[in-house]
Novice: 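Once you've had a glance at the structure underneath, I'll fire off some questions.
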Amino acid sequence: MKKKQLIQRLVIISILFFAVSCGGAEKLSGEYICTKYFTESGVGELSLEFTKKGEVRMRPTKIKGTYTIEGEDVILYVNGVEIIYAIKGNDLVSSDDSVVYSKQ
């Protein structure tokens, strides 16, 4: 399996296992790089880019969606799936702590 295909599958798997929310886009806008993932192949390879318009882009897959912020959670809406991460300082952390994205 090619590395790009593996990364795409890992992103899709993370979408199926987690959920995220929006409201204060200014607070979140920018790029977040994966610093912890199910497998080492996702670390440093995956990223989330949040715009001030409430849009999110997953890289390197180029998957796009929207997001909202509710309290201390960000909720991503991607391909009909909700993904929720806790906002912890400059990090976005999955509910089981297995995935972490850090602001760049």
Side-chain angles (χ1 to χ4, degrees):
M1 180 181 302
K2 292 182 180 179
K3 186 175 181 177
K4 184 175 180 179
Q5 290 173 324
L6 176 62
I7 290 171
Q8 288 174 337
R9 287 184 182 185
L10 292 173
V11 169
I12 291 170
I13 290 170
S14 72
I15 291 171
L16 296 174
F17 287 105
F18 304 101
V20 188
S21 185
C22 185
E26 294 283 330
K27 175 180 175 181
L28 204 64
S29 66
E31 185 174 19
Y32 290 73
I33 302 293
C34 182
T35 55
K36 183 178 179 184
Y37 203 68
F38 305 107
T39 65
E40 287 299 312
S41 65
V43 174
E45 295 289 324
L46 304 174
S47 70
L48 300 172
E49 182 182 350
F50 296 91
T51 70
K52 293 177 183 177
K53 296 179 181 179
E55 300 170 340
V56 62
R57 294 182 189 97
M58 301 176 130
R59 297 187 204 267
T61 62
K62 299 180 183 174
I63 295 173
K64 295 180 182 180
T66 60
Y67 72 95
T68 60
I69 297 172
E70 293 182 12
E72 294 301 315
D73 291 334
V74 62
I75 302 169
L76 305 179
Y77 303 94
V78 181
N79 293 335
V81 178
E82 287 186 7
I83 305 168
I84 300 172
Y85 292 98
I87 302 169
K88 297 184 179 180
N90 287 327
D91 294 335
L92 305 177
V93 183
S94 64
S95 60
D96 67 355
D97 291 328
S98 67
V99 177
V100 177
Y101 286 90
S102 299
K103 187 162 186 167
Q104 297 301 297

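The model shown is predicted, which means the values in this text are computed figures rather than measured ones.
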Novice: Hey, what do you get for SG (C34) to CZ (R59), rounding to the nearest 0.5 Å?
Specialist: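 It comes to 15.0 Å.
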Novice: I'd like to check S102 versus D91 (side-chain heavy atoms, cut-off strictly below 4.5 Å). Are they in contact?
Specialist: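 A side-chain contact exists here, since the closest heavy-atom pair is under 4.5 Å.
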Novice: Given L28, which partner from the list L92, T51, V56 fulfils the side-chain contact (heavy atoms from CB on, under 4.5 Å) test?
Specialist: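 In the set L92, T51, V56, the residue that makes a side-chain contact (heavy atoms from CB on, under 4.5 Å) with L28 is L92.
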Novice: Name the residue from F50, Y101, Y67 that meets the ring pair (Phe, Tyr, Trp, His ring centres under 6.0 Å) definition with Y32.
Specialist: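 Considering F50, Y101, Y67, a ring pair (Phe, Tyr, Trp, His ring centres under 6.0 Å) with Y32 is found only for F50.
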Novice: What pair of heavy atoms forms the shortest contact from S47 to I33, and how long is it?
Specialist: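 Heavy-atom minimum between the residues: CB-CD1, 3.7 Å.
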Novice: Determine whether a donor-acceptor pair (N or O, by modelled atom type, separation under 3.5 Å) exists between the side chain of K88 and the backbone of E72.
Specialist: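 No, the answer is negative, given that no donor and acceptor are paired below the 3.5 Å cut-off.
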Novice: Running the 4.5 Å side-chain criterion over Ile, Leu, Val, Met, Phe, Trp and Tyr, what cluster does V100 land in, apart from itself?
Specialist: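 Via sub-4.5 Å side-chain contacts, V100 links to V93.
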Novice: Restricting to non-hydrogen atoms, name the atom on S94 and the atom on S98 that form the minimum distance, rounded to 0.1 Å.
Specialist: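 Looks like OG-N, 3.1 Å.
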Novice: State whether the side chain of K103 and the backbone N or O of G30 hold a donor-acceptor pair below 3.5 Å, judged by distance alone.
Specialist: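 Flag not set: sc K103 to bb G30 has no pair under 3.5 Å.
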Novice: What pair of heavy atoms forms the shortest contact from E45 to P60, and how long is it?
Specialist: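 Taking every non-hydrogen atom into account, O-CD, 3.5 Å.
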Novice: Taking C-beta and beyond as the side chain, do L48 and L76 meet within less than 4.5 Å on heavy atoms?
Specialist: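 They are in side-chain contact.
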Novice: How would you list, by chain and number, every residue that makes a side chain to side chain contact (heavy atoms under 4.5 Å, CB included) with K64, sequence neighbours excluded?
Specialist: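 By the side chain to side chain contact (heavy atoms under 4.5 Å, CB included) rule, K64 matches R57.
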